[in-house]
Protein chains: 2
Amino acid sequence: MTLDKNSQYHHGDVPSALMSAALIRIKQDGVEKLSLRALARDIGVSQTAPYRHFKDKTRLLVSLARAGFAKLAMEQQAAAHHKLCLDNLIAVGVAYVEFAMNHPEQYKLMFGSKIENRCQHPDLMESSMASFQVVLNQAVIGVESGLLVDKDPHYLAKCCWANVHGIASLLIDGFYDNLDIEFKDFLTQQITFNIRGILKEPALIKV
Amino acid sequence: MTLDKNSQYHHGDVPSALMSAALIRIKQDGVEKLSLRALARDIGVSQTAPYRHFKDKTRLLVSLARAGFAKLAMEQQAAAHHKLCLDNLIAVGVAYVEFAMNHPEQYKLMFGSKIENRCQHPDLMESSMASFQVVLNQAVIGVESGLLVDKDPHYLAKCCWANVHGIASLLIDGFYDNLDIEFKDFLTQQITFNIRGILKEPALIKV
DNA sequence: CTAGGATGTAATCAGTGTAAACATCCTTGT
DNA sequence: ACAAGGATGTTTACACTGATTACATCCTAG
């Protein structure tokens, strides 16, 4: 099939139109309220048309989540541009939380349980690994260079991941309010605490 | 009103019957699939009866979440029975994650976004603070005794919270699989990494 | 012992996910 | 060039759901 932009085949590109509409809707009303029928109305198509392109609602959500994972990994990778591994670890963490703050609903979709039984969607699981891979790379470098504690980099990377994921989730759900310092300072401080814990020489970081 | 167990007033105690039925259902099918009508059928009551006791579905979820928060705080408090503050910090974290693993669906309800706009439920927000308070207490002791870094205990407690919340969430959603060491060892290791980061003398913990 | 609030019900509305049957379009093989 | 057939879209329908309304019943307080 070769459909270019001039094709008049009914609509043009229902799948991506649905995805765009969905991103707008979740930003506005939250993931919980997303409805296939409303999306269909948005893009001017019958309420069963989406089923020609997505097996069910879950598959549409999976697509949205995968796009989110890809974007997240890209932003993390872009943040890891420093010379020092330590700086990279912090920057990658900050980028992670900032992504979550900028796209809270998509983030919820990626990590929340709106997509039931994510194990049944191997493509989704694979996409979600891209973000972890960025952290893991830095962890490997950190261990090899002697910056980090001499442990399996997987464990160290997971420690970092859990930390930023916890911060992001709690922030999104409003459990981190009432702070009296600048947000970015706070964020960096929190992440630094955590990374200090996996340093071979924690004295490197003055707190 | 004074309803004892012998009361024959239609049903007896619809609210708590609903809560029990709900806990069973979410354990079985997950929070996402919980339906008021199904609950009403479960306890043998008309589908609108629940609305006499809960303003809407959200209020029932709030009750479930509050019960969860109370239980979580209790288990954490029970875990903080060591003499050394350091041991308590670790134990409280382990208890937190273990609660999440034992009641994953209730945990999702407590922290996920199934309850929309939790800020509009002050009672819920208040309940959720009980768990944090346990950690905060230990953080205060830790700072005063010179064990922890000399920072506002709130920041240190939040650091601990974010860490265990991240671990719990990722575990529940299956992002922490494929580990080749014993679970409890892994968990303790991860939490210890984090706490090491807020120690005044990280050398205290040999990793 | 009666008024009135608390509790329960039936009937109904609007919204959802999804399946089945049918219509139409576009590409592709001959 | 044109028929075949798959891809795409629609209509209709079913089985759910949360929630509101009007009404019936129960229990208790004055």
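Below, chains carry the letters A, B, ... as their sequence lines are ordered, and counting in each starts from 1.
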Shortest non-hydrogen contact between B:Val135 and B:Cys160, atoms and distance: CG1-CB, 3.9 Å
Crowding at NE2, B:His53 (>12 non-hydrogen neighbours, <6.0 Å): yes
Using atom names, set out every protein N or O paired with an N or O of nucleotides 16-18 of chain C below 3.5 Å, distance rounded to 0.1 Å.
unit_1	atom_1	unit_2	atom_2	d
C:dT16	OP1	A:Ser35	OG	3.1
C:dT16	OP2	A:Arg41	NH2	3.3
C:dG17	OP1	A:Leu36	N	3.0
C:dG17	OP1	A:Lys57	NZ	3.1
C:dG17	OP2	A:Leu36	N	3.0
C:dG17	OP2	A:Arg37	N	3.3
C:dG17	N7	A:Arg37	NH1	2.4
C:dG17	O6	A:Arg37	NH1	2.6
C:dT18	OP2	A:Tyr51	OH	3.1
C:dT18	OP2	A:Lys57	N	2.9
C:dT18	O4	A:Arg37	NH1	3.3

Non-neighbouring partners of B:Ala38 that pass side-chain contact (heavy atoms from CB on, under 4.5 Å), sequence neighbours left out: B:Arg25, B:Ser35, B:Arg41
Ring center gap for A:Phe175 and B:Phe132 short of 6.0 angstrom: no
Between D:dA7 (P) and A:Phe54 (CZ): distance, integer Å: 16 Å
Whole angstrom value for the distance that separates P of D:dT10 from CZ of A:Arg52: 10 Å
Phosphate OP1/OP2 of C:dA6 contacted by B:His53 side-chain N/O (<4.0 Å): no
Parallel, tilted or perpendicular: rings of A:His165 and A:Tyr107 (30°, 60°): tilted
Whole-Å gap separating C1' (C:dG15) and CG (A:Leu39): 14 Å
Nearest non-hydrogen partners of A:Gly68 and A:Phe99, listed with the distance: O-CZ, 3.6 Å
